[in-house]
*Asks:* 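Next up is a structure, given as structure tokens.
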Amino acid sequence: MPSKLIDNWGRRMDYLRVAVTDRCNLRCRYCMPQEKMIWAPRSEILSWEEMERLCSLFIRLGVEKIRITGGEPFVRKGLMGFLRRIRLISKNLSIGITTNGVLTGDYLPELKEIGGISLNFSLDSLHRETFQQITKRDDFGRTREAIQQALEFGFRTKINMVIQPGMNDGEITEFAGLTKDRDIVVRFIEPMPFNGKHGDGLTEMSGREIFRVLEKKYCLESLGPNKSAIAALYQIRGFRGKIGIINGYTRSFCDKCSRLRLSARGGLRTCLYGVNVLDLKEMLRNGCDDPEIEAAIRSVVARRFKDGHEAEKARRNSRFESMSAIGG
Ligand code: SAM
């Protein structure tokens, strides 16, 4: 068994996020433009076999959790077969899927059968018109339905809401109210500067301000940070579910960061705020064997930035891409 992946700051890398496509069926205003989005050509996207080979290698190197993201994972044909094969590699692997929920409902029975899967739904409004203004699509009903069904199927379920002041910040307490009688985690996310040259700019709202809005209405009990320290967790007294605040912009969680990100084009990123540091597609297509790929991965893991602020400084003037390319 090869030794685990440990970075130059002593952090164990056991979490891989895989963007299986850069395409999406929504056009969230802070993420991508409504029209004329330029997608990567098919040949530039890793095939399912290539992704499977890399996942298998990362699992051998100690990755215990794989999050499937995108773009929207469910728009790519063959996702279910890929998940089944990943499950065969390791029955203990924890698999998470981040989805906008529009197409997810139809796949819930099969996802349940595969097993060990949790679902994170991105939902920025509980009102149809605001949902449409943010996503530029009229799919509110399908997303809400999918979340309800996921809970009925017994999936571990989270809702992620990106706070956009002036657009949906008035809904913070309403979202928190969803945790009253549902076994769900509702997470509020600080908007991040990942709109690159696309989408509308976001006005900041800090985790602190989000907390203040919540504590005005509810009695919050702190549950401390979650396992990966990315969210500060709370529970409203007497409520069933939990609330999380993710300081994505402030970046208060970097010292515990265990995440690697694989883009649909095969780029490996060791920090969300940095740039791709390894082209795994090129290595695969040039016929590199597993030990060569492993050595390249170890070498970039051994050179991680201490935190997202350092990584961002090192990008110099290069612009942040859309999250749809990075996978969130
Ligand atoms: N399509 C899937 C979805 O909607 O969940 C997965 C991909 S999406 C890029 C992943 C997450 O990134 C979503 O929750 C989305 O809201 C979030 N996101 C995109 N741009 C963001 C930004 N600028 N700031 C904070 N979160 C962002």
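Residue numbers count from 1 along this sequence. Both ligands and their constituent atoms are indexed starting at 1 by order of listing.
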*Asks:* Short list, please: which atoms of ligand 1 are under 4.0 Å from a heavy atom of Thr69?
*Replies:* 6 (C), 7 (C)

*Asks:* Are any non-hydrogen side-chain atoms of Leu5 and Arg298 less than 4.5 angstrom apart?
*Replies:* yes

*Asks:* Hydrogens and angles aside, do Thr98 and Arg67 bring a side-chain donor and acceptor to less than 3.5 Å of each other?
*Replies:* yes

*Asks:* Using a 4.0 Å cut-off to any heavy atom of Glu72, which atoms of ligand 1 qualify?
*Replies:* 1 (N), 2 (C)

*Asks:* Is the shortest side-chain N to carboxylate O distance from Glu64 to Arg12 below 4.0 Å?
*Replies:* yes

*Asks:* Record the part of Leu26 in heavy-atom contact with ligand 1 below 4.0 Å; permitted values are side chain, backbone, both and neither.
*Replies:* neither

*Asks:* Output the list of atoms in ligand 1 that are nearer than 4.0 Å to some heavy atom of Cys31, sorted by atom number.
*Replies:* 19 (C), 20 (N)

*Asks:* Does Phe211 CZ have over 12 foreign heavy atoms under 6.0 Å away?
*Replies:* yes

*Asks:* Below 30° counts as parallel, above 60° as perpendicular, anything between as tilted: where do the rings of Tyr218 and Phe239 land?
*Replies:* perpendicular

*Asks:* Is Cys28 close enough to touch ligand 1? Criterion: a residue heavy atom under 4.0 Å from a ligand atom.
*Replies:* no

*Asks:* Show the numbers, then the answer: is there a salt bridge (charged side-chain N to carboxylate O under 4.0 Å, His left out) between Arg142 and Glu145?
*Replies:* CA-CA 5 Å; Arg142 294 167 84 184; Glu145 178 87 347; over 6 Å; no

*Asks:* Do any N/O atoms on Ser122 end up under 3.5 angstrom from N/O atoms on ligand 1?
*Replies:* yes

*Asks:* Between Tyr30 and ligand 1, is there a nitrogen or oxygen pair with a distance under 3.5 Å?
*Replies:* yes

*Asks:* Flag the pair Arg53 and Glu49 as a salt bridge only when some basic side-chain nitrogen lies within less than 4.0 angstrom of an acidic carboxylate oxygen.
*Replies:* no

*Asks:* Is the contact between Val162 and ligand 1 made by the side chain, the backbone, both, or neither, using heavy atoms and a 4.0 Å cut-off?
*Replies:* side chain

*Asks:* Considering Gly71, Pro73, Cys24, which one's heavy-atom position lies nearest to atom 6 (C) of ligand 1?
*Replies:* Gly71

